[in-house]
S.K.: 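Before we start, here is the structure in question, set down as structure tokens.
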Amino acid sequence: MAKMKNESNLQVTFSKRRSGLFKKASELNTLCGADIAVIVFSPGGKVYSFGHPNVEIVLNRFKNINQPFPNPNNNMRLSEVRSHTPIQQMNDFLTQLMNDLEKAKKKNEEIKKKRKNSKRSENWWEDPVEELDLAHAQEFKVELENLKKVVTDEASKFFQGFPHPNFCVGSSSGAPFRDGGYINPNLDQSEQRRMFNVNAYYNPNMYRPNYQLLYGNNSYAGGCVPDQYNLNFMLAFNQYQNQNQNLNPGFKEEGISENERHQDGHSPHF
Amino acid sequence: MVFIENESARKSTYKKRKRGILKKAKELATLCGVPVGVIIDSPYDSSMEVWPSRVDMDDVVSQWQRLPEMDRTKKMLNQKTYLEQRITKGTEALNKLNKENKELEMKEIMFDCLSGKIAPSSIDRNDLVGCSNVIDQYLRILKRRMEILTKNDGASSSSAHAAATTSADMPIVEMGSSSTAFCDMIRQQQMQNNLNHAVMDLDLD
């Protein structure tokens with residue numbers, strides 16, 4: 001094994017392997033309770049470090065050779081409550097998150113494969129838009145507008161005040177959710193709240209990382225809306241600890257039980 | 001990833017994983033030609049495990065201490081901050097994927113409506129808004145495409161000719177017709193095409 005020759009490959013390799021090394025260090029500590037410090041210098045001279053309890057504590061122990069590992073008996077006692085520490089809970093959260101990420105990746109592949117296989121040549125509108133000529137594009141536009149009208153009519157049966165020009169901000173919009181939702185001031189308070197929450201549930205902006213905490217979709221571990229993750233996970237996390245349930249009464253929409261919202265079928269666990 | 005309660009299982013895992021970490025550290029240092037130092041302190045080893053060696057570790061530590069504190073701490077992580085970082089990145093990735101999956105699903109629904117496979121009234125109400133958004137997205141792309149095409153139309157006569165011939169082949173669709181009429185129209189067009197081909201064959205005779 002020798003130093004890599006290609007500069008950019010080296011950078012990529014460094015990044016990946018450093019990340020992997022830290023992961024292993026984290027796991028060693030989680031699984032076996034070992035204290036650890038890893039210091040890595042980048043090709044550019046920057047330093048990355050990981051340590052438990054932290055890098056400095058372990059380095060100090062290294063410098064003072066005579067310091068023994070903290071009383072192993074303490075460790076034994078602590079092992080009973082390890083499962084309830086925030087770190088362990090974060091690990092559990094992360095494990096579930098990684099599982100869901102895997103599932104989402106598989107689903108993504110399946111959908112794309114299905115589209116590839118089901119494509120039929122006579123459905124010219126399914127071809128990429130860039131391949132359409134003007135006449136077809138015009139045709140398509142008319143049909144899409146018709147379809148949009150039908151879909152909108154269907155939606156208005158369920159959602160009062162829908163559609164409104166601002167109701168559903170397109171995914172290209174950078175507006176955070178709250179600005180994208182329009183509340184008809186003429187609706188009474190409870191209707192407004194209901195519509196607002198409906199908007200929260202369906203607005204594609206919910207997928208954005210800066211998703212607002214407001215709508216209670218933050219108890220991932222509590223299983224409210226599994227495919228929406230709140231980036232402010234520490235809050236979610238505290239809820240998981242406190243076992244706070246049903247922060248969001250707005251989700252009690254007619255006819256949809258908690259379980260129905262779980263696309264992968266697992267029921268909320270607290 | 002849970003603390004291993006069973007003591008002997010824990011010890012054996014420790015030994016294996018310690019070996020693995022040191023191997024990975026060595027590979028990283030060699031492949032990338034960078035200084036790496038690892039210190040492992042556990043109840044299973046009588047003394048601290050240090051890699052590459054105490055002497056080399058001393059070098060790494062001095063190099064480390066020579067850096068200004070801000071540089072040292074900028075990328076310094078402990079379990080808590082490390083896990084936070086991974087959760088953040090994982091959440092972003094998942095949100096992005098979920099969004100893409102949803103859009104792809106909505107696109108399928110849209111296509112199925114257009115081809116008459118399903119009726120818009122049968123769309124799950126949870127999907128109606130998403131579907132509407134995807135239609136909007138598509139309309140935006142279409143408008144852009146049409147702008148490009150009409151610009152080019154002025155530039156070259158051949159594309160205008162192509163557009164003219166194709167529009168002659170397409171029956172005119174009335175505004176306000178339902179989506180099922182779209183696929184009916186397509187079927188009509190296909191039948192017409194088949195007829196045309198039949199006629200052409202006759203002509204060749």
Side-chain angles (χ1 to χ4, degrees), chain A residues 1 3-4 10 13-14 17 21 24 26 28 30-32 34-41 48-50 52 54-55 58 62 69 72 82 87 90-91 94 97 101 104 107-108 111 123 126 129 133-135 137 141 143-144 147-148 150-151 154-155 158 168 170 202 204 207 209 227 229 231 233, chain B residues 1 3-4 10 13-14 17 21 24 28 30-43 60 64 75-79 82-83 86-87 90-92 94-95 97-99 101 104 111 113 115 120 125 128-129 131-133 135-136 139 141-142 145-146 149 163 166-167 170 173 179 182:
Chain A
M1 207 178 260
K3 183 176 172 182
M4 293 174 76
L10 195 151
T13 298
F14 173 80
R17 279 178 174 267
L21 187 61
K24 294 279 184 191
S26 167
L28 183 69
T30 303
L31 291 170
C32 308
D35 290 347
I36 184 169
V38 180
I39 300 178
V40 177
F41 282 84
Y48 296 80
S49 57
F50 171 89
H52 179 89
N54 67 53
V55 174
V58 179
F62 165 70
F69 189 78
R82 257 177 220 266
I87 300 239
M90 283 166 83
N91 261 313
L94 186 61
L97 179 59
L101 195 53
K107 190 172 177 192
N108 191 268
I111 297 179
N123 296 356
E126 292 180 11
V129 172
D133 59 46
L134 189 61
K141 177 170 177 284
E143 272 317 309
L144 273 184
L147 180 62
K148 168 120 196 264
V150 175
V151 167
E154 289 292 328
F158 301 112
C168 279
Y202 300 123
Y207 296 102
D227 57 346
Y229 285 83
L231 204 58
F233 73 92
Chain B
M1 281 295 137
F3 181 72
I4 301 173
R10 195 191 324 141
T13 297
Y14 168 78
R17 280 180 171 263
I21 286 186
K24 290 283 184 185
L28 174 61
T30 313
L31 285 170
C32 303
V34 289
V36 174
V38 180
I39 302 170
I40 306 178
D41 193 14
S42 75
V60 171
W64 195 71
K75 303 278 189 179
M76 185 153 73
L77 296 167
N78 55 38
Q79 275 284 43
Y82 172 74
L83 291 171
R86 284 197 62 201
I87 289 176
T91 305
E92 269 176 34
L94 183 62
N95 283 348
L97 255 182
N98 281 341
K99 179 183 174 188
N101 286 350
L104 289 174
F111 284 161
C113 283
S115 57
R125 66 164 127 173
L128 283 171
V129 170
C131 197
S132 175
N133 286 340
I135 296 175
D136 285 336
L139 281 169
I141 303 174
L142 258 181
R145 173 72 184 158
M146 279 163 53
L149 286 174
T166 0
S167 49
M170 309 241 353
V173 174
S179 321
F182 187 47

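Since the model is a prediction, treat every value here as computed from it, not as a measurement. Chain letters run A, B, ... following the sequence lines, proteins first, then strands; residues in each count from 1.
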S.K.: Which is it for T30(B) and K3(A) under the side-chain contact (heavy atoms from CB on, under 4.5 Å) test, yes or no, and what are the steps along the way?
M.R.: CA-CA 6 Å; T30(B) 313; K3(A) 183 176 172 182; over 6 Å; no
S.K.: Most heavy-atom pairs under 4.5 angstrom with chain B, which of L94(A), L21(A), N108(A)?
M.R.: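 That would be N108(A).
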S.K.: CG/L104(B) to NZ/K107(A) distance, rounded to the nearest 0.5 angstrom?
M.R.: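 Here the rounded value is 10.0 Å.
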S.K.: Does either side chain, that of Q79(B) or that of T30(A), offer a donor lying less than 3.5 Å from an acceptor on the other one?
M.R.: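 Looking only at side-chain atoms, T30(A) and Q79(B) do form a donor-acceptor pair, the distance falling under 3.5 Å.
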S.K.: If we define contacts as heavy-atom pairs under 4.5 Å, which of V58(A), L144(A), T13(A) has the most with chain B?
M.R.: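 Maximum pair count with chain B is reached by L144(A).
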S.K.: For I39(A) and V36(B): C-alpha separation, side-chain torsions, deciding distance, then whether side-chain contact (heavy atoms from CB on, under 4.5 Å) applies.
M.R.: CA-CA 6 Å; I39(A) 300 178; V36(B) 174; over 6 Å; no
S.K.: Given heavy-atom pairs under 4.5 angstrom as the criterion, report whether the side chain, backbone, both or neither of L10(A) touches chain B.
M.R.: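 For L10(A), the contact with chain B is made by backbone and side chain together.
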S.K.: Is it the case that the side chains of N78(B) and N54(A) hold a donor-acceptor pair, with the cut-off being a distance below 3.5 Å and no angle test?
M.R.: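 On atom types as modelled, these side chains do not qualify, holding no pair under 3.5 Å.
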S.K.: For chain A, find which of I135(B), L97(B), N101(B) contributes the most heavy-atom pairs closer than 4.5 angstrom.
M.R.: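 Result: the option with the highest number of such pairs is N101(B).
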S.K.: Roughly how far, to the nearest 0.5 Å, is the SG atom of C113(B) from the CD atom of E143(A)?
M.R.: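 These two atoms lie 11.5 Å from each other.
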S.K.: Quick check for you: among V40(A), V129(A), V38(A), which has the greatest number of heavy-atom pairs under 4.5 Å with chain B?
M.R.: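 It is V129(A).
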S.K.: Within the 4.5 Å heavy-atom criterion, are F41(A) and V60(B) side-chain neighbours or not?
M.R.: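 Of all side-chain heavy-atom pairs linking V60(B) with F41(A), at least one is under 4.5 Å.
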S.K.: Begin from the C-alpha positions of W64(B) and V55(A) and carry the test side-chain contact (heavy atoms from CB on, under 4.5 Å) through to its verdict.
M.R.: CA-CA 11 Å; W64(B) 195 71; V55(A) 174; 3.8 Å; yes
S.K.: Identify which part of I111(A) has an atom lying under 4.5 Å from any heavy atom of chain B, answering side chain, backbone, both or neither.
M.R.: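 It is the side chain, since no backbone atom gets that close.
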S.K.: I need the minimum non-hydrogen distance between A104(A) and L94(B), along with the two atoms involved.
M.R.: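 It is CB-CD1, 3.7 Å.
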S.K.: Give the minimum heavy-atom separation between C32(A) and F3(B), together with the two atoms involved.
M.R.: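 Answer, listing the atom of C32(A) first, then F3(B): C-CE1, 3.8 Å.
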S.K.: What distance separates L77(B) CG from Y48(A) OH, expressed to the nearest 0.5 Å?
M.R.: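 Separation between the atoms: 10.5 Å.
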S.K.: In terms of heavy-atom pairs under 4.5 Å, which option from I4(B), I39(B), T13(B) contacts chain A the most?
M.R.: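 Greatest number of close heavy-atom pairs with chain A: I39(B).
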S.K.: Quick one, I36(A) and D41(B) - any side-chain contact, counting heavy atoms below 4.5 Å?
M.R.: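 No; the side chains remain at least 4.5 Å from each other.
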S.K.: I would like to know whether K148(A) and S132(B) meet side-chain contact (heavy atoms from CB on, under 4.5 Å); could you show each step before the answer?
M.R.: CA-CA 6 Å; K148(A) 168 120 196 264; S132(B) 175; 3.3 Å; yes
S.K.: Name the option with the most non-hydrogen atom pairs under 4.5 Å to chain A; the candidates are R145(B), R86(B), M146(B), R17(B).
M.R.: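 With the most close heavy-atom pairs to chain A, the winner is R145(B).
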S.K.: Could you measure the distance from the CG atom of N123(A) to the CZ atom of F111(B)? Nearest 0.5 Å is fine.
M.R.: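 So the gap between those two atoms works out to 9.0 Å.
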S.K.: Could you tell me the separation between the NZ atom of K141(A) and the CG atom of L139(B), rounded to the nearest 0.5 Å?
M.R.: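 Answer rounded to 0.5 Å: 7.0 Å.
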S.K.: How long is the straight-line distance from CZ of R10(B) back to CG of L31(A), given to the nearest 0.5 Å?
M.R.: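 Interatomic distance, L31(A) CG to R10(B) CZ, rounded to 0.5 Å: 10.5 Å.
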